[in-house]
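Some notes on the structure that comes next.
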Amino acid sequence: PVEDQVFYQIPTPNELFTVIKEIGGKGKEELMNPIANTEKYLDTKFKALNFGVYSADLAYASCYDLGTVSLEYFKAVEKMGDELDISAAFDESVFKRIEENINNGDSLLTITNDTYFEAYSYLEENERGNVLALVVAGGWIESMYIVLNLAGDYKDNNPIVARIADQKYTLDNILAFMYKYESDENVKNLIAQ
């Protein structure tokens, strides 16, 4: 029954970045997972986790108007999507839209957000929630890594610190989502980690 369905609010990686940019944070490319690392992820678990990581990096690059860097990270996301057999989630026009908007950060942010949700929906509709759980976790972990490195020194009234503290609710939500797929050994191990 519909009453028994639970819906999870899964954040997009760029939500935190947008807030930090508004506060005045600056983009630091060195915080992103290097593109060369895509060759290191050989099994489904690490490919799915890092699809999430590179999606977060793509959102970060888009948010901070790192034009050509965004294109490189989109290629990495596309490559990992092919390896995870979720490339059908990406419309052919997405790559063209990114190229056309490479110097328009707001448009890139919208496109990366759309791409993330398309991949999310595709995995959900094709009953690949176990892979989706890993993707979401990877994106959140990378987002937190970047945000924590941008936060600076702790100050009680720092709005970034407040946003980081609010992530305890997001983490609870992500874990609740992951528990739906804990029968998958990769998801179960990630929950434990």
Side-chain angles (χ1 to χ4, degrees), residues 6-35 37 41 45-67 69-70 72-74 76-77 80 105-106 108-117 119-120 123-124 129 131-182 186-193:
V6 177
F7 296 95
Y8 297 93
Q9 171 97 22
I10 302 300
T12 61
N14 61 20
E15 289 174 20
L16 280 174
F17 304 144
T18 302
V19 169
I20 291 170
K21 185 178 179 187
E22 288 170 2
I23 293 168
K26 301 289 181 218
K28 296 180 181 177
E29 191 176 330
E30 66 273 12
L31 295 177
M32 299 162 61
N33 191 7
I35 296 286
N37 286 350
Y41 311 121
K45 175 184 177 183
F46 289 104
K47 286 179 184 182
L49 277 168
N50 284 286
F51 180 89
V53 167
Y54 285 109
S55 294
D57 289 338
L58 173 59
Y60 179 69
S62 299
C63 183
Y64 284 92
D65 302 325
L66 302 175
V69 173
S70 297
E72 293 302 312
Y73 277 84
F74 180 77
V77 168
M80 297 196 90
D106 289 340
L108 280 179
L109 205 54
T110 299
I111 295 166
T112 59
N113 212 21
D114 292 349
T115 302
Y116 186 79
F117 278 120
Y120 181 98
L123 287 168
E124 200 169 53
V131 173
L132 180 56
L134 297 170
V135 167
V136 168
W140 184 79
I141 291 166
E142 180 73 349
S143 297
M144 290 305 300
Y145 170 79
I146 292 171
V147 169
L148 288 167
N149 279 284
L150 293 174
D153 294 334
Y154 177 83
K155 294 178 185 131
D156 284 339
N157 60 351
N158 183 339
I160 297 174
V161 170
R163 291 301 295 220
I164 291 169
D166 288 343
Q167 290 301 301
K168 65 185 173 193
Y169 303 111
T170 302
L171 178 59
D172 288 344
N173 202 15
I174 290 171
L175 285 170
F177 178 72
M178 291 177 73
Y179 277 117
K180 288 176 51 179
Y181 304 102
E182 70 179 323
N186 289 328
V187 175
K188 182 179 178 180
N189 290 338
L190 185 61
I191 290 170
Q193 289 176 336

Within a strict 4.5 Å, meaning less than it, do heavy atoms of the [X] and [Y] side chains meet?
{"X": "Ile160", "Y": "Leu150", "result": "no"}
{"X": "Arg163", "Y": "Val147", "result": "no"}
{"X": "Met32", "Y": "Leu58", "result": "no"}
{"X": "Lys45", "Y": "Asn189", "result": "yes"}

Quick one: pull up [atom1] in [X] and [atom2] in [Y] and give me the separation to the nearest 0.5 Å.
{"X": "Leu134", "Y": "Tyr181", "atom1": "CG", "atom2": "OH", "value": "11.5 Å"}
{"X": "Phe46", "Y": "Asn186", "atom1": "CZ", "atom2": "CG", "value": "8.5 Å"}
{"X": "Ile141", "Y": "Leu49", "atom1": "CD1", "atom2": "CG", "value": "6.5 Å"}

List the atom of [X], the atom of [Y], and the distance in Å for their closest heavy-atom pair.
{"X": "Ser55", "Y": "Val77", "answer": "N-CG2, 3.7 Å"}
{"X": "Trp140", "Y": "Gln167", "answer": "NE1-OE1, 2.7 Å"}
{"X": "Ala56", "Y": "Gly139", "answer": "CB-O, 3.6 Å"}
{"X": "Leu31", "Y": "Tyr60", "answer": "CD1-OH, 4.1 Å"}
{"X": "Ile35", "Y": "Glu72", "answer": "CD1-O, 3.5 Å"}

According to side chain to side chain contact (heavy atoms under 4.5 Å, CB included), who are the partners of [X], at least two apart in sequence or on a separate chain?
{"X": "Asn37", "value": "Asn33, Pro34, Lys40, Tyr41, Tyr54"}
{"X": "Ile191", "value": "Leu175, Met178, Tyr179, Glu182, Val187"}
{"X": "Lys168", "value": "none"}
{"X": "Glu30", "value": "Lys28"}

Residues in side chain to side chain donor-acceptor pair (under 3.5 Å) contact with Tyr154, at least two apart in sequence or another chain: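 Partners of Tyr154 by the side chain to side chain donor-acceptor pair (under 3.5 Å) criterion, ordered by chain and then number, come out as Asp156.
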Only counting residues at least two apart or in another chain, list the ones meeting salt bridge (Lys or Arg N to Asp or Glu O under 4.0 Å) with Lys47.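 Once residues adjacent in sequence are excluded, the partners of Lys47 under the salt bridge (Lys or Arg N to Asp or Glu O under 4.0 Å) criterion are Glu83.
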Please answer whether the main-chain N or O of Tyr145 pairs with a side-chain N or O of Asn149 as donor and acceptor at a distance below 3.5 Å.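 Yes; at least one donor-acceptor contact below 3.5 Å.
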